[in-house]
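Down below is the structure, laid out as structure tokens.
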Number of protein chains: 2
Amino acid sequence: MKINQLSKLTNVLSKTIRYYEDVGLLPQASRNSNGYREYSSSDVDNLIFIRRCRELQIPLEKIKILIQVQTDTTSSCNEVDLLIEQQLENVRKTINELSLLEKTLHTLAKSCSNDIVGECEILKNLKQ
Amino acid sequence: MKINQLSKLTNVLSKTIRYYEDVGLLPQASRNSNGYREYSSSDVDNLIFIRRCRELQIPLEKIKILIQVQTDTTSSCNEVDLLIEQQLENVRKTINELSLLEKTLHTLAKSCSNDIVGECEILKNLKQ
DNA sequence: ATAAACCTTACTGTTGGAGTAAGGTCAAGC
DNA sequence: GCTTGACCTTACTCCAACAGTAAGGTTTAT
């Protein structure tokens with residue numbers, strides 16, 4: 001199949017598929033006589049795997065590792081466990097930071113009931 | 001004062017101060033005879049305001065608006081209120097998205113108790 | 001024949017800076 | 001007088017993960 005069909009099957013833009021090839025996340029696609037990229041059903045599977053990882057906000061470099069680990073199916077999956085665990089930690093850390101931010105913004109938003117900028121409590125608070 | 005002292009007083013890197021000038025967040029600094037940037041205490045205040053906004057993850061373009069609104073102290077602060085409210089909404093939305101992500105990652109992390117990649121439940125789950 | 005849909009590479013832009021290069025200036029110490 | 005180190009300058013590249021656009025070649029349908 002051609003790139004556009006792969007795109008539709010995986011819900012990944014053609015542009016992004018080419019980009020993944022560029023940065024080495026996907027192998028160089030084979031080409032048919034007119035130079036168009038030619039894909040098979042295993043490419044669909046690989047790309048869906050990548051998309052699922054991206055939905056979990058795993059960065060491309062880590063996805064590369066996850067792909068490479070699978071080339072030897074008998075190797076330990078400690079690396080996989082660790083990577084997912086780290087990703088979970090990252091997400092939790094970000095949530096905590098954003099929660100603090102939310103509190104601050106909420107307090108700030110409630111602080112002003114004036115009409116004119118010169119007496120705006122929000123702006124005053126931002127200056128400290 | 002020179003840029004390095006402004007940097008120390010505000011806890012903003014010299015590099016970043018020049019960048020803010022470049023993108024129009026700070027006015028063009030006046031220069032002394034040798035071409036060095038020369039700052040006053042009002043620059044300290046402005047930069048601290050910007051830094052506080054950045055701590056709240058307000059994007060530079062919106063900070064520009066917050067600065068501009070203050071040039072007329074009699075104007076309404078509806079725009080300020082709205083901007084902070086939107087920022088709060090953005091943060092809340094992101095927190096919600098990340099909370100879903102956290103659940104998924106947590107479930108995923110618990111799913112595998114195997115040793116070898118070939119049977120790793122995490123990887124299997126990622127392929128669906 | 002031609003138009004629409006698809007394919008190609010290559011370059012730029014996004015956000016908010018950080019890193020590095022290559023060079024000018026200034027004060028202190030020897 | 002000379003050097004050393006701290007400071008200043010501009011200008012360029014890099015980061016993540018693409019999206020947008022240009023300029024052109026190919027295929028398919030009408």
Side-chain angles (χ1 to χ4, degrees), chain A residues 1-26 28-39 43 46-47 49-67 83 86-87 90-91 94 97-98 101, chain B residues 1-26 28-40 43 46-67 83 86-87 90-91 94 97-98 101:
Chain A
M1 76 190 76
K2 279 177 287 186
I3 198 166
N4 203 29
Q5 197 184 345
L6 178 62
S7 168
K8 278 166 187 161
L9 286 174
T10 59
N11 213 18
V12 176
L13 289 179
S14 302
K15 183 120 206 176
T16 303
I17 298 173
R18 291 191 201 100
Y19 173 72
Y20 287 165
E21 183 181 325
D22 269 5
V23 298
L25 201 59
L26 290 174
Q28 301 274 346
S30 62
R31 306 287 183 131
N32 60 28
S33 57
N34 53 22
Y36 290 7
R37 287 172 178 80
E38 188 63 37
Y39 295 99
D43 295 307
N46 291 335
L47 202 46
F49 176 79
I50 294 172
R51 202 204 57 205
R52 285 275 294 137
C53 290
R54 288 297 299 135
E55 284 167 359
L56 301 174
Q57 297 200 12
I58 298 171
L60 300 188
E61 286 308 310
K62 298 208 170 181
I63 300 176
K64 266 190 203 177
I65 296 172
L66 288 178
I67 291 172
L83 205 150
Q86 283 173 350
Q87 182 63 15
N90 290 343
V91 170
T94 307
E97 288 167 2
L98 288 179
L101 205 55
Chain B
M1 79 188 76
K2 280 177 287 186
I3 199 167
N4 204 27
Q5 198 185 345
L6 178 62
S7 167
K8 279 166 186 160
L9 287 174
T10 58
N11 213 19
V12 177
L13 290 179
S14 303
K15 183 121 207 177
T16 304
I17 297 173
R18 293 193 199 98
Y19 174 72
Y20 286 166
E21 183 181 325
D22 268 6
V23 298
L25 201 58
L26 290 173
Q28 300 273 345
S30 63
R31 305 286 183 133
N32 60 28
S33 57
N34 53 22
Y36 290 7
R37 287 172 178 80
E38 189 63 37
Y39 295 99
S40 69
D43 294 308
N46 291 337
L47 202 45
I48 285 175
F49 176 78
I50 293 171
R51 201 204 57 203
R52 288 274 294 134
C53 290
R54 287 299 298 135
E55 284 168 359
L56 300 174
Q57 298 200 13
I58 298 172
L60 299 188
E61 287 307 310
K62 297 208 170 180
I63 300 177
K64 266 190 203 176
I65 295 172
L66 288 178
I67 291 171
L83 206 149
Q86 283 173 349
Q87 182 63 14
N90 290 343
V91 170
T94 307
E97 287 167 1
L98 288 179
L101 205 54

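Since the structure is predicted, the reported quantities are computational estimates derived from the model, not experimental observations. Lettering of chains follows the sequences in order, A, B, ..., and the numbering in each one begins at 1.
Shortest non-hydrogen contact noted between A:Lys64 and A:Val23 is NZ-O, 2.9 Å. B:Leu56 and B:Gln87 get closest at one heavy-atom pair: O-NE2, 3.0 Å. Closest approach of B:Arg51 and B:Val12 over heavy atoms only: CG-CG2, 3.9 Å. When all heavy atoms of B:Ile63 and B:Arg54 are compared, the closest pair comes out as CD1-CD, 3.6 Å. Between A:Glu21 and A:Gln28, the closest heavy-atom pair is OE2-OE1, 3.2 Å. What you find for A:Arg37 and A:Ala29 is that their closest heavy atoms are CG-CB, 3.8 Å.
Pairs of residues two or more places apart, or lying in two chains, never qualify as side chain to side chain donor-acceptor pair (under 3.5 Å) while including a residue from residues 1-11 of chain A.
Using a 4.0 Å cut-off, some side-chain N or O of B:Arg37 falls inside it from OP1 or OP2 of D:dT10. Applying the 4.0 Å criterion to OP1 and OP2 of C:dG17, one finds that B:Arg51 has every side-chain N and O outside that range. A close approach under 4.0 Å does occur between a side-chain nitrogen or oxygen of B:Asn34 and OP1 or OP2 of C:dC26.
Direction change of the helix axis from one end of the helix from C:dA1-D:dT30 to C:dC30-D:dG1 to the other is 30°, with five pairs defining each end axis (rounded to 10°).
Remark: C1' of C:dG16 and CD of B:Glu55 are 15 Å apart, rounded to the nearest angstrom. As a whole-Å value, the separation of B:Ile3 CD1 from D:dT10 C1' is 12 Å. Rounded to an integer number of Å, the gap from A:Glu38 CD to C:dC6 P is 16 Å. Atoms CZ (B:Arg31) and C1' (D:dT9) sit 8 Å apart, rounded to a whole Å. Taking atom CD1 of residue A:Ile17 and atom P of nucleotide C:dT9, one finds them 13 Å apart after rounding to whole Å. Nucleotide C:dC7 holds its C1' atom 10 Å from the CG atom of A:Asn32, rounded to whole Å. Distance CG (A:Asn4) to P (C:dT8): 10 Å, rounded to an integer number of Å.
As judged by a 4.0 angstrom heavy-atom cut-off over every strand, A:Arg18 is placed among the base-contacting residues. Using a 4.0 Å heavy-atom cutoff across all strands shown, A:Lys8 reaches sugar-phosphate atoms only and no base atom.
Using a 4.5 Å cut-off on side-chain heavy atoms (C-beta onward), B:Ile67 and B:Asn46 make no contact. In this structure, B:Leu47 and B:Tyr39 have side chains that are not in contact, with every pair of non-hydrogen atoms separated by 4.5 Å or more.
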Exercise. Scan nucleotides 14-25 of chain D nucleotide by nucleotide, 5' to 3', and note B when protein non-hydrogen atoms come under 4.0 Å of the base, S if they reach only the sugar-phosphate, - if neither.
Key: ---BBBBB---B
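Toward the 5' end of DNA chain D, the nearer of the two residues A:Lys2 and B:Ser14, judged by each one's closest nucleotide, is B:Ser14.
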